[in-house]
Amino acid sequence: KTYSPTDVESKWYAYWQANGFFKAKANPSKKPYTIVIPPPNVTGVLHMGHMLNNTIQDILIRRKRMQGFEACWVPGTDHASIATEAKVVAMLKEKGIDKKNISREEFFKHAWEWKEKYGGIILEQLKKLGASCDWDRTRFTMEESLSEAVIEVFVELYNKGLIYRGARMINWDPQAQTTVSDEEVIYKESQSKLHFLKYYAAENNASGSHAQLEYFTIATTRPETIMGDVAIAVHPDDKRYKHLHGKKFFVPIIKRAIPIVTDEHVDMEFGTGSLKVTPAHDLADYKIGLKYNLEVIDVLNADGTISKSGIIYVGEDRFVARKKIVKQLTEEGYLIESKDITNKVGTSERTGAIIEPRISTQWFCSMKEMAKPTLENVLNGHIQLHPKDKFTNTYKYWLENVQDWCISRQLWWGHRIPAWYDEKGNFVVAKNKEQALNLFNLKFNTQPSTLHQDEDVLDTWFSSWLWPISVFDGFKDKNNADFKYFYPTDDLVTAPEILFFWVARMIMAGYEFTGKAPFRNVYLTGIVRDKQGRKMSKSLGNSPDPFELIDKYSADGVRFGMLLASPAGNDLLFDEKYCEQGRNFANKIWNVYRLISGWEVDKNLTINQKDIRYEWFENQLNKSISEIEEHYDKYRISDALKSIYKLVWDDFCSWYLEMAKPDFGSPIDSLTYEKTIGYFESILKIIHPVMPFISEELWHELKPREPKDCLIVADYPTIKNHNESIVNQANTIFELISQIRNYRSTKGLSPKESLSIQLFDNLNDFQRQALTNFDLIIKKLANVNQIEIIKTKNEKSTLILVAQMEVFIPMDDNFDIEAEQEAKIKELEYLKGFLNSVNLKLNNEKFVANAKPEVVAAEKKKKSDAEDKIDAIEKSLKAIAK
RNA sequence: GGGAGCAUAGCUCAGCUGGUUCAGAGCAUCUGCCUUACAAGCAGAGGGUCCGCGGUUCGAACCCGUGUGCUCCCACCA
């Protein structure tokens with residue numbers, strides 16, 4: 001019977017679901033353990049980043065479930081306002097429908113249809129991976145009750161004065177025709193031209209008596225905005241221009257006169273030390289404009305074309321206009337030169353369009369106050385970031401410099417802003433129209449005949465920042481059982497890219513609305529890259545298809561492989577090799593089962609209850625468990641996997657099973673059989689969180705079980721004390737066995753050829769005990785027929801030094817004297833050098849005086865051990881020479 | 001321009017309080033094995049200027065300074 005992962009995986013996933021093992025409910029007799037999924041975009045399909053992220057969450061939740069927690073993993077999706085709207089608009093376009101020609105209601109109908117059809121594919125895909133989410137709890141950020149929470153929060157924050165409406169410089173995405181937040185602007189290097197333009201003096205135009213400048217040289221990368229120029233700014237201390245303060249110059253082409261103003265922010269050293277002030281299209285300029293109360297001339301339309309205020313090139317796209325204007329400037333002699341430069345251009349995270357800074361009336365959420373507890377509780381460790389060092393500083397910097405959050409978006413797909421306007425433009429903020437009318441009465445003492453709601457919707461993150469609270473209906477009813485039990489949640493697993501977008505804001509919301517942190521730990525995963533270190537992207541085509549990987553290597557194998565190569569916070573340089581290693585590991589485990597299941601038990605065979613094999617393995621197992629648990633507790637998941645791998649492959653398979661397995665054809669005693677089954681069960685438990693499918697399969701293959709007796713809900717092994725001495729004894733013996741095997745290998749002897757060995761009688765208690773305890777093990781695993789303790793060194797033999805023991809293997813006919821001598825001389829040289837360095841230390845008075853006594857003692861022991869060894873080898877060399 | 005993280009075997013990374021866990025693991029490579037659980041395997045082996053340079057210390061992969069090189073974050077140089 002061979003292992004067939006595909007069938008096994010779908011079988012057990014269905015079984016777990018059918019038995020409700022993923023479900024969690026408020027259960028006061030247990031401790032809760034809660035994770036909320038970072039809701040993937042409803043439009044999304046599973047990619048490698050999701051694979052990594054959700055595997056980690058599943059490992060955490062499965063482990064806690066087995067440890068007896070009421071483990072609750074809440075799944076769901078995000079409505080992803082911009083991204084989804086873009087997809088729906090594109091879909092409509094294909095059908096020949098223009099968004100502009102349909103009503104909001106019609107658009108919504110199409111959007112919801114689209115969402116029902118394509119949305120949430122990603123959640124189905126997660127099931128393939130084995131994600132043990134409580135699917136009954138699946139939420140969507142735009143479902144009714146979550147929308148209500150968003151509206152409620154908006155109203156509450158508005159009433160607290162933390163949300164306000166105002167005209168500010170915002171980031172405008174001309175493609176999506178909406179604002180985007182500062183965090184959604186990605187600055188990209190680009191090759192641009194810096195144009196130097198002549199701004200002629202408006203007075204004393206003919207050069208002459210006053211020795212004034214005939215023209216001012218201004219540099220700009222955006223010549224299409226000159227029509228919006230309202231001033232030229234220079235540094236107040238710039239001597240070159242002091243005499244010009246207040247004088248006027250002409251904007252090229254349109255010849256509008258603008259004054260010279262001063263501002264500290266102008267860099268005297270840079271360029272000509274002067275800049276054109278275009279308040280409508282640059283934040284710095286806007287500030288200067290405010291200072292001098294300058295006019296704001298917006299030369300751009302919402303779609304990025306030149307507006308009527310631009311006078312020339314009206315209706316042309318800004319980049320077309322730029323080219324044309326440069327041409328005209330050249331022709332009319334305004335252009336001095338154009339230089340190639342690299343600068344950073346802001347682009348929209350979602351559409352990639354070049355962002356235009358623009359003055360616009362928008363809704364903002366004030367951040368300063370909410371930032372305080374958000375920062376404090378991370379710095380004091382109440383909320384822990386993993387890894388801490390890498391992220392705490394940037395987190396701190398961001399929160400200390402946080403700007404108000406522009407939360408309105410000129411889209412339809414999202415939560416509509418609950419502000420209501422009358423014809424005069426007065427407005428109130430209220431949950432619904434009815435309350436709005438009442439408020440108008442109170443506030444303005446009027447009863448408007450028509451009332452219309454704000455056309456804009458809220459930034460997607462304005463709903464996702466409430467996620468850990470809203471999924472438990474914490475806004476609807478703060479006292480509901482689920483919310484009280486599962487909130488605050490425990491761990492959040494997410495990508496560092498959204499640390500500010502989402503994580504920081506969830507913490508703000510947590511403190512603002514519940515007074516509590518929304519989670520205790522934030523595990524920040526790395527970015528999945530290809531093996532050359534490039535980000536995975538569609539355009540590069542370097543991202544493997546997750547399902548092909550699963551088909552090829554099994555979900556267990558992929559899970560194991562990804563995590564093995566992915567320390568917390570480090571990027572994952574993905575290589576299929578890791579999945580292959582995971583598959584091989586699964587196969588190894590499968591073969592354990594094949595071995596054990598082939599054993600024939602003979603009840604008449606008896607064996608000592610305290611056999612060293614059990615004693616050693618139980619101690620080793622406990623030692624490994626405590627290591628693994630320590631790794632998990634510190635969120636070092638890949639280290640935990642490495643420990644698991646070693647425990648299974650090396651300790652259990654290579655050593656324990658080799659000790660325990662009977663000779664071919666021979667039966668096994670029932671005690672060893674039972675013990676081995678028990679160990680294997682412990683191992684399956686440890687493996688389960690990482691490789692849930694194969695472990696569950698073997699759990700049931702191993703023995704008949706009750707329908708509900710599943711590994712997914714079995715008790716996870718607990719940390720127990722272990723006897724370090726036994727473990728060390730074993731390691732010494734394993735070293736000895738390896739050395740004997742090595743001897744055989746270098747001498748070209750067959751493993752079948754039995755050897756006899758002799759040990760010189762200078763053994764300490766530890767060694768003597770180890771040899772006694774493991775006598776049979778050595779004989780079995782190294783194929784040794786006799787182990788003799790000798791008082792006189794056998795000079796006609798090969799000497800092996802292992803862990804301070806002198807082991808002699810008597811010569812036989814194949815003995816190669818020269819090779820033996822060579823090897824010994826080499827070892828002698830090394831030992832003498834080593835002895836020399838130890839002596840240097842011990843002869844150093846300062847060392848002896850300052851070092852800790854135990855360190856000095858250790859050095860002394862090194863010295864005598866080395867001397868003994870040298871002596872032994874020298875004697876052996878002499879003997880060979882005879 | 002400011003800040004952070006990293007640099008250890010061919011690759012990916014451990015290395016916690018400076019000292020026998022001190023130079024390690026896995027993968028890859030090489031050698032020998034189709035030894036009835038497993039060739040997706042078994043038994044072995046080789047492989048290092050712990051990025052460079054200074055310093056502190058009896059002692060540095062580890063602490064300090066400095067240089068270099070990657071990676072990331074933040075910032076309104078026209």
Side-chain angles (χ1 to χ4, degrees), chain A residues 3 169 187 194-195 218-222 233 265-267 269-278 282-287 341 343-344 346 357 387 389-398 401 496-497 499-500 527 531 533 553 557 564-567 569-573 575 577-578 580-599 630 634 636 638-639 641-643 645-646 649-650 653-654 657-658 661 664-665 731 738-739 741-746 748 750-752 783 840-841 844-852 854-856 858-859 861-862 865:
Chain A
Y3 181 50
M169 183 62 75
Y187 288 90
L194 184 59
H195 305 283
I218 301 283
T220 180
T221 51
R222 300 170 68 205
H265 288 285
V266 180
D267 184 348
E269 309 299 320
F270 187 86
T272 57
S274 58
L275 60 96
K276 69 192 200 66
V277 181
T278 321
D282 186 282
L283 183 59
D285 292 6
Y286 179 65
K287 285 180 182 166
I341 56 156
N343 63 348
K344 295 215 168 168
D389 298 343
K390 205 168 174 177
F391 296 109
T392 305
N393 275 309
T394 49
Y395 183 84
K396 182 169 179 252
Y397 185 86
W398 188 77
N401 296 283
E497 295 144 310
L499 187 58
F500 308 128
I527 294 164
K531 55 184 160 185
Y553 301 107
L564 189 66
S566 178
N570 274 26
D571 286 353
L572 164 58
L573 299 186
D575 188 332
K577 285 252 162 69
Y578 294 114
E580 196 181 327
Q581 201 180 344
R583 178 199 59 181
N584 294 355
F585 187 46
N587 195 244
K588 185 74 179 177
I589 296 162
W590 180 254
N591 279 308
V592 172
Y593 162 69
R594 286 189 55 205
L595 173 70
I596 294 176
S597 63
W599 283 347
E630 196 186 337
K634 293 182 177 164
R636 297 194 296 232
S638 75
D639 289 329
L641 294 212
K642 281 175 188 164
S643 295
Y645 188 80
K646 184 189 171 293
W649 205 300
D650 297 348
C653 293
S654 296
L657 288 177
E658 290 301 324
K661 81 177 178 193
F664 179 67
N731 289 336
S738 289
Q739 293 282 355
R741 286 169 174 170
N742 185 20
Y743 168 83
R744 236 195 217 95
S745 167
T746 52
S750 160
K752 286 174 181 159
N783 193 12
L840 273 174
K841 261 193 195 177
N844 181 337
E845 281 170 28
K846 284 182 179 173
F847 170 73
V848 180
N850 293 327
K852 282 183 251 169
E854 57 266 34
V855 174
V856 179
E859 288 300 315
K861 182 159 185 336
K862 274 190 208 170
D865 286 347

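Chain A is the first sequence line, chain B the second, and so forth, proteins listed ahead of strands; every chain is numbered from 1. All values reported here derive from a predicted model rather than from experimental measurement.
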- [ ] Nearest whole angstrom, please: distance from the P of B:G44 to the CG of A:Asn783.
- [x] 13 Å
- [ ] Round to a whole Å and report the spacing from CD of A:Glu580 to C1' of B:A39.
- [x] 13 Å
TODO: Apply the test side-chain contact (heavy atoms from CB on, under 4.5 Å) to residues A:Asp639 and A:Glu630: give CA-CA distance (whole Å), side-chain angles for both, the deciding distance (0.1 Å), then the verdict.
DONE: CA-CA 10 Å; A:Asp639 289 329; A:Glu630 196 186 337; over 6 Å; no
Open item on the list: Below the 4.0 Å mark, does B:A45 have OP1 or OP2 next to a side-chain nitrogen or oxygen of A:Asn742?
Closed with: yes
- [ ] Select from A:Trp398 and A:Ala565 the residue whose nearest nucleotide in RNA chain B is closer to the 5' end of that strand.
- [x] A:Ala565
Open item on the list: Within this structure, what is the CG-NZ distance for the pair A:Leu572 and A:Lys531, rounded to the nearest 0.5 Å?
Closed with: 13.0 Å
Task: A:Asp282 side chain to A:Thr278 backbone, donor-acceptor under 3.5 Å - done: no
Task: Short side-chain to backbone donor-acceptor contact, A:Ser638 and A:Ala565, under 3.5 Å - done: no
Task: A:Leu275 and A:Asp285, any side-chain heavy atoms less than 4.5 Å apart - done: yes
Open item on the list: Does A:Glu658 reach a base, just sugar-phosphate, or nothing at all? Heavy atoms under 4.0 Å.
Closed with: base
Task: Whole angstrom value for the distance that separates C1' of B:A40 from CD1 of A:Ile589 - done: 12 Å
Task: Conformer about C1'-N of B:U21 - syn within 90° of 0, anti elsewhere - done: syn
Task: A:Asn570 side chain near B:C13 phosphate (N/O to OP1/OP2, under 4.0 Å) - done: yes
- [ ] First locate atom NZ of A:Lys276, then atom CZ of A:Arg222, and finally report the distance between them rounded to the nearest 0.5 Å.
- [x] 7.5 Å
Open item on the list: Whether the side chain of A:Ser597 engages the backbone of A:Tyr593 through a donor-acceptor N/O pair (distance < 3.5 Å, no angle test) should be reported.
Closed with: yes
TODO: Starting from the 5' end of RNA chain B, give me the residue, A:Asn343 or A:Ile527, whose nearest nucleotide shows up first.
DONE: A:Ile527
Task: Nearest-angstrom distance, C1' atom, B:C51 to B:G69 - done: 8 Å
Open item on the list: Rounded to whole Å, please give me the gap between OH in A:Tyr395 and C1' in B:C74.
Closed with: 16 Å
TODO: Report which part of the nucleic acid A:Lys344 touches: base, sugar-phosphate, or nothing (heavy-atom distance under 4.0 Å, all strands).
DONE: base
- [ ] Please report, rounded to the nearest Å, how far the P atom of B:A40 is from the CG atom of A:Asn587.
- [x] 9 Å
Open item on the list: Nearest to the side chain of A:Arg583, heavy atoms from C-beta on, is which of B:A78, B:A40, B:G3?
Closed with: B:A40
- [ ] Please work out if A:Asn401 contacts a base, only the sugar-phosphate, or nothing of the nucleic acid, heavy-atom cut-off 4.0 Å.
- [x] nothing
- [ ] Under 4.0 Å between any heavy atoms, over every strand shown, what does A:Leu573 touch: base, sugar-phosphate, or nothing? Just pick one.
- [x] sugar-phosphate
Open item on the list: Between B:U8 and B:C62, how many Å separate the two C1' atoms, rounded to a whole number?
Closed with: 11 Å
Open item on the list: Can you check the distance between B:G54 and B:G15, where both ends of the measurement are the C1' atom (answer in whole Å)?
Closed with: 25 Å
Task: A:Asn591 (side chain) donor-acceptor with A:Asn587 (main chain) under 3.5 angstrom - done: yes
Open item on the list: Using the side-chain heavy atoms of A:Asp267, tell me which of these nucleotides is nearest: B:C77, B:A43, B:C38.
Closed with: B:C77
TODO: Can you check each nucleotide of nucleotides 29-36 of chain B against protein heavy atoms at under 4.0 Å and return B for base, S for sugar-phosphate only, - for none, in 5' to 3' order?
DONE: -------B
Task: Protein-nucleotide distance (A:Met169, atom CE; B:A78, atom C1'), rounded to Å - done: 14 Å
Open item on the list: With rounding to the closest Å, how many angstrom separate the C1' atoms on B:C27 and B:A4?
Closed with: 31 Å
Open item on the list: Just confirming the chi classification of B:U20, syn or anti, using 90° around 0 as the syn window.
Closed with: syn
TODO: Assign A:Arg741 to base, sugar-phosphate, or nothing according to its heavy-atom contacts below 4.0 angstrom with the strands shown.
DONE: sugar-phosphate
- [ ] Classify the nucleic acid contact of A:Ser750 as base, sugar-phosphate or nothing, counting any heavy atom under 4.0 Å across all strands shown.
- [x] nothing
Open item on the list: I'd like to know if the side chain of A:Asn783 and the backbone of A:Pro751 have a donor-acceptor N/O pair within less than 3.5 Å.
Closed with: yes
Open item on the list: Distance check needed: B:U71 P versus A:Phe391 CZ, whole Å only.
Closed with: 16 Å
Open item on the list: Give me the atom names and distance for the closest heavy-atom approach of A:Leu564 to A:Gln581.
Closed with: CD2-OE1, 3.4 Å
Open item on the list: For a quick check, with a 4.0 angstrom heavy-atom cut-off, what is the B/S/- contact string for nucleotides 18-27 of chain B, read 5' to 3'?
Closed with: -BB-----SS
Task: Proximal nucleotide (of B:C74, B:A37, B:C76) relative to the A:His265 side chain - done: B:C76
Open item on the list: Distance check, C1' atoms only: B:A14 and B:G26, in whole angstrom units.
Closed with: 10 Å
- [ ] Answer yes or no: does a side-chain N or O of A:Thr746 lie under 4.0 Å from OP1 or OP2 of B:G44?
- [x] no
- [ ] Could you tell me whether the phosphate oxygens of B:G41, OP1 or OP2, come under 4.0 Å of any side-chain nitrogen or oxygen in A:Asn584?
- [x] yes
TODO: Measure the OG-CZ distance between A:Ser643 and A:Arg636 for me, rounded to the nearest 0.5 Å.
DONE: 9.0 Å
- [ ] Look up atom CG in A:Leu283 and atom CE in A:Met169, then write down how far apart they are to the nearest 0.5 Å.
- [x] 5.5 Å
Open item on the list: Taking only the C1' atom of each, what is the distance from B:G2 to B:A9 in whole angstrom?
Closed with: 37 Å
Task: B:U68 and B:A75, which share atom name C1', separated by this distance in whole Å - done: 25 Å
Task: Minimum side-chain heavy-atom gap A:Ile527-A:Glu497 below 4.5 Å - done: yes
- [ ] Dot-bracket notation for RNA chain B is requested: 5' to 3', Watson-Crick or G-U wobble pairs only, both distances under 3.5 Å, with ( ), [ ], | and . as defined.
- [x] (((((((..((((.....[....)))).(((((.......))))).....(((((..]....))))))))))))....
- [ ] Using the six-membered ring wherever Trp is involved, compare the ring planes of A:Phe500 and A:Trp398 and label them parallel, tilted or perpendicular (cut-offs 30° and 60°).
- [x] parallel
Task: Euclidean distance, atom CG of residue A:Asp285 to atom P of B:A78 [Å, nearest integer] - done: 11 Å
Open item on the list: Using every non-hydrogen atom in the two residues, find where A:Leu573 and A:Tyr578 come nearest and quote the distance to one decimal.
Closed with: O-CE1, 3.6 Å
- [ ] Determine the Euclidean distance between corresponding C1' atoms of B:G48 and B:C11; express it in Å to zero decimal places.
- [x] 14 Å
